[in-house]
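Everything on this sheet refers to the single structure shown next.
If you read the sequence from its start, that first residue is 1, and numbering goes on from there. The structure presented is a predicted model; accordingly, all values stated were derived computationally and were not measured.
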Amino acid sequence: ENILLIIIMLAMIINVDKKKLTEPKAMFFLIFFAVSSFVMSQFSYNEGIYWRQKWLLFPYFFIGMSLIQKKHLDVKK
C-alpha cells in the first residue's frame, strides 16, 4: 500500500499547475501541510504511532493537491 501511495503522490506532484501555486488557497495548503507534518513528526517518535497517524495527514495532502492540479494529466504518448 505504501508503494501505491508513493506513486499516486508523485503523479499528483508532477501534475501541479504552477500558476495555481500563487493563489491563497494553495499557499494555505502548503503552509498547513508543512506545519502539520512538522507537528506530527514531533509527537510520533514511536514507529507504530507514525504508521497510524500518517493516515490522518494523507487526506489533507490529497485534498490540497487536488486544488492545484492541471485540468488534464500530461501523459506523453
Side-chain angles (χ1 to χ4, degrees):
E1 72 188 28
N2 289 332
I3 294 173
L4 181 63
L5 285 173
I6 290 171
I7 292 170
I8 293 170
M9 288 172 60
L10 286 175
M12 292 184 89
I13 290 170
I14 290 170
N15 197 40
V16 167
D17 188 1
K18 302 208 181 0
K19 293 178 187 174
K20 291 182 181 179
L21 280 175
T22 58
E23 294 179 2
K25 64 182 177 183
M27 296 305 288
F28 175 77
F29 157 68
L30 293 172
I31 292 169
F32 175 79
F33 190 74
V35 169
S36 59
S37 297
F38 176 74
V39 169
M40 286 186 72
S41 69
Q42 295 300 312
F43 292 106
S44 61
Y45 56 89
N46 183 353
E47 184 150 341
I49 292 172
Y50 169 74
W51 289 112
R52 287 189 298 270
Q53 288 184 351
K54 75 175 180 177
W55 292 105
L56 298 174
L57 197 56
F58 276 137
Y60 296 113
F61 176 78
F62 290 128
I63 291 169
M65 289 300 288
S66 67
L67 294 174
I68 56 176
Q69 292 293 299
K70 295 177 186 173
K71 295 289 182 187
H72 302 286
L73 183 62
D74 293 333
V75 180
K76 306 215 186 233
K77 292 182 180 182

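- In this structure, CE on Met65 lies 12.5 Å from CD1 on Ile8, to the nearest 0.5 angstrom.
- Met9 CE: more than 12 foreign heavy atoms inside a 6.0 Å radius.
- Of all non-hydrogen atoms in Ala26 and Ile68, the two that sit nearest each other are CB-CG2, 3.4 Å.
- Each of Met12 and Ile63 belongs to its own hydrophobic cluster when Ile, Leu, Val, Met, Phe, Trp and Tyr are linked at side-chain heavy-atom distances under 4.5 angstrom.
- When side chains are defined from C-beta on, Leu67 does not count as touching Lys20, because their heavy atoms never get closer than 4.5 Å.
- Between the CG atom in Leu5 and the CZ atom in Phe62 there is a gap of 5.5 Å [rounded to 0.5 Å].
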Worked check of side-chain contact (heavy atoms from CB on, under 4.5 Å) between Tyr60 and Phe29: CA-CA 8 Å; Tyr60 296 113; Phe29 157 68; 5.7 Å; no
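- Under the 4.5 Å side-chain heavy-atom criterion for ILVMFWY residues, no single connected hydrophobic cluster contains both Phe33 and Met27.
- Between Gln69 and Asp17, the closest side-chain pair of non-hydrogen atoms is not below 4.5 Å.
- Within 6.0 Å of CZ in Phe28 there are 12 or fewer heavy atoms belonging to other residues, nucleotides or ligands.
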